[in-house]
Amino acid sequence: MPELPEVETTRRGLAPHCSGRHLLAAVVRNPKLRWPVPDDLSARVAGQHIIQIDRRGKYLIINLSHGALILHLGMSGSLRVLDSATPAGVHDHVDLILDNHTCIRLRDPRRFGAVLWTQNDAARHPLLENLGPEPLSDAFDGAYLYRISRGRSSAIKQFVMDSHQVVGVGNIYANEALFSAGIRPGTAAGRLSKTRCTTLVAAIQETLARAIEAGGSSLRDFVNSAGEPGYFQQQYKVYGRSGEPCRVCGQLIRLRRQGQRSTFYCPKCQN
DNA sequence: CTTTTGACCTGACAGC
DNA sequence: TGCTGTCAGGTCAAAA
């Protein structure tokens, strides 16, 4: 499920229910996620104050009074705030128990997600310290993309999906943004003009910002909600539409594999 | 150094 | 129905 807009929507949904609360314990039903959930997690977090919840790329960071939890939703993870007495389902692997009879519950059928603990500043964690800039920050602009892409032969789609260049651009939005920018996904990154880099950055930012807006507006009741983000109902321009007519020109949308991910593009609108 | 490939998992779905 | 194969919103680690 989670691309950056859903992670941000999750963060916004979680925050009002946890900020200022204390954690009583953690319940780990299955520690076998992307990396093992620390077996002393509960002891580490018990009694700690939740300062605030941040996001870095698709990582969620729950800052505690001493240390932080680093969460990732992988391909299939979701977080909800529930009454802690709510029976856990088969894929409900971790609960963070709050001091008001509620819990933050991680459900993750595919178990590509993560729950990690760090004693230090989460930004210094090995998984986070070498990440590229946030896509919606001023640091991510046309000049930056132009500069880092010089001499790079990899396809622009894979390049912008590389978290070391810029974080948070997943498969759906990479496809959508490249369509918006009119750029063929297989184009070598190093061959993009500065103008096209600027166009692409703007397209990425607009695509993500609109999806976050859609997700946020659908977020009525995060507690006990089904967790259906609004952006999921968005009408995609190319993603998942191979063989269907382009919404702009009517040409049939094409599908190809790039780095074992599906790439969708319009052969006429994207060059 | 860059680029590509493999790995981690389960569930949904198409086709036989 | 039940089996097999394919695909899925991520991304790190290892190989080339």
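Every chain is numbered from 1 and lettered A, B, ... according to where its sequence line falls, protein lines coming before strand lines.
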Tell me: CG of A/Asn171 to P of C/dG9, nearest whole Å?
-> 5 Å
Contact span of DNA chain B against chain A, any nucleotide atom under 4.0 Å from a heavy atom, 5' to 3', runs B/dT2 to B/dG11
Any residue meeting side chain to side chain contact (heavy atoms under 4.5 Å, CB included) with A/Ala181, in chain and number order, not counting sequence neighbours | A/Ile183, A/Thr199, A/Leu200, A/Ala203
Reckon A/Tyr59 has a side-chain N or O less than 4.0 Å from the OP1 or OP2 of C/dC12?
-> yes
Mind calculating the distance between CD (A/Gln258) and P (C/dG9) to the nearest angstrom?
-> 13 Å
Between C/dA8 (P) and A/Tyr173 (OH): distance, integer Å = 17 Å
Taken in chain and number order and not counting sequence neighbours, the residues that satisfy side-chain hydrogen bond (donor to acceptor under 3.5 Å, both in side chains) with A/Arg107 are A/Asp92
Hey, is the side chain of A/Arg257 poking within less than 4.0 Å of OP1 or OP2 on C/dA8, counting only N and O atoms?
-> yes
Spacing between A/Leu255 atom CG and C/dT6 atom C1', to the nearest angstrom = 13 Å
A/Arg257 and A/Thr263: side chain donor to acceptor below 3.5 Å | no
Of residues 108-117 of chain A, the positions that come close to DNA chain C - non-hydrogen atoms, cut-off under 4.0 Å = A/Arg110, A/Phe112
With rounding to whole Å, what would you report as the distance between C/dT6 and B/dG6 at their P atoms?
-> 15 Å
Sugar-phosphate, base or nothing in reach of A/Arg261, heavy atoms under 4.0 Å | base
Which part of the nucleic acid does A/Leu73 contact within heavy-atom distance under 4.0 Å: base, sugar-phosphate only, or nothing?
-> nothing
Does C/dC12 have OP1 or OP2 sitting under 4.0 Å from an N or O in the side chain of A/Ser163?
-> yes
Would you indicate what A/Lys32 reaches in the nucleic acid, counting non-hydrogen atoms under 4.0 angstrom: base, sugar-phosphate, or nothing?
-> nothing
Would you list the pairs meeting ring-ring contact (aromatic ring centres under 6.0 Å, His included) in which at least one residue belongs to residues 184-209 of chain A, sequence neighbours left out?
-> none
Among pairs that include at least one residue of residues 45-71 of chain A, which meet ring-ring contact (aromatic ring centres under 6.0 Å, His included), considering only residues two or more places apart or in two chains?
-> A/His22-A/His49, A/Tyr59-A/His72
Could you list the residues that satisfy side-chain hydrogen bond (donor to acceptor under 3.5 Å, both in side chains) with A/Lys58, not counting sequence neighbours?
-> none
Can you list every ring-ring contact (aromatic ring centres under 6.0 Å, His included) pair that touches residues 77-120 of chain A, not counting sequence neighbours?
-> none
Nearest whole angstrom, please: distance from the C1' of C/dT11 to the CZ of A/Phe159.
-> 16 Å
Between atom CD in A/Glu176 and atom P in C/dG9, what is the gap in whole Å?
-> 12 Å
Under the ring-ring contact (aromatic ring centres under 6.0 Å, His included) rule, what pairs show up with a residue in residues 237-271 of chain A, not counting sequence neighbours?
-> A/Tyr236-A/Tyr239, A/Tyr239-A/Phe264
Sequence neighbours excluded, every pair satisfying salt bridge (Lys or Arg N to Asp or Glu O under 4.0 Å) that has a member inside residues 124-150 of chain A | A/Arg55-A/Glu134, A/Arg56-A/Glu134, A/Asp121-A/Arg124
Value rounded to 0.5 Å, distance of CG in A/Asn171 from CD in A/Gln258 = 9.0 Å
Where does DNA chain B pair, written as one dot-bracket string 5' to 3', with Watson-Crick or G-U pairs under 3.5 Å, ( ) inside the strand, [ ] for crossing pairs and | for another strand?
-> .|||||||.|||||||
Could you state the atom-to-atom distance from CE of A/Met75 to P of C/dC7 in whole Å?
-> 13 Å
Please list all pairs passing the side-chain hydrogen bond (donor to acceptor under 3.5 Å, both in side chains) test where one or both residues lie in residues 159-169 of chain A, with sequence neighbours left out.
-> A/Asp162-A/His164, A/Asp162-A/Gln165
Taking the side chain of A/Glu3 as heavy atoms from C-beta outward, which of C/dC12, C/dG10, C/dA8 is closest to it?
-> C/dG10
Toward the 5' end of DNA chain B, which comes first, A/Gln260 or A/Gly151, by nearest nucleotide?
-> A/Gly151
CD1 of A/Ile204 to CG of A/Leu136: how many Å apart, nearest 0.5 Å?
-> 10.0 Å
Interatomic distance where CG belongs to A/Asp162 and P belongs to C/dC12 [whole Å] | 9 Å
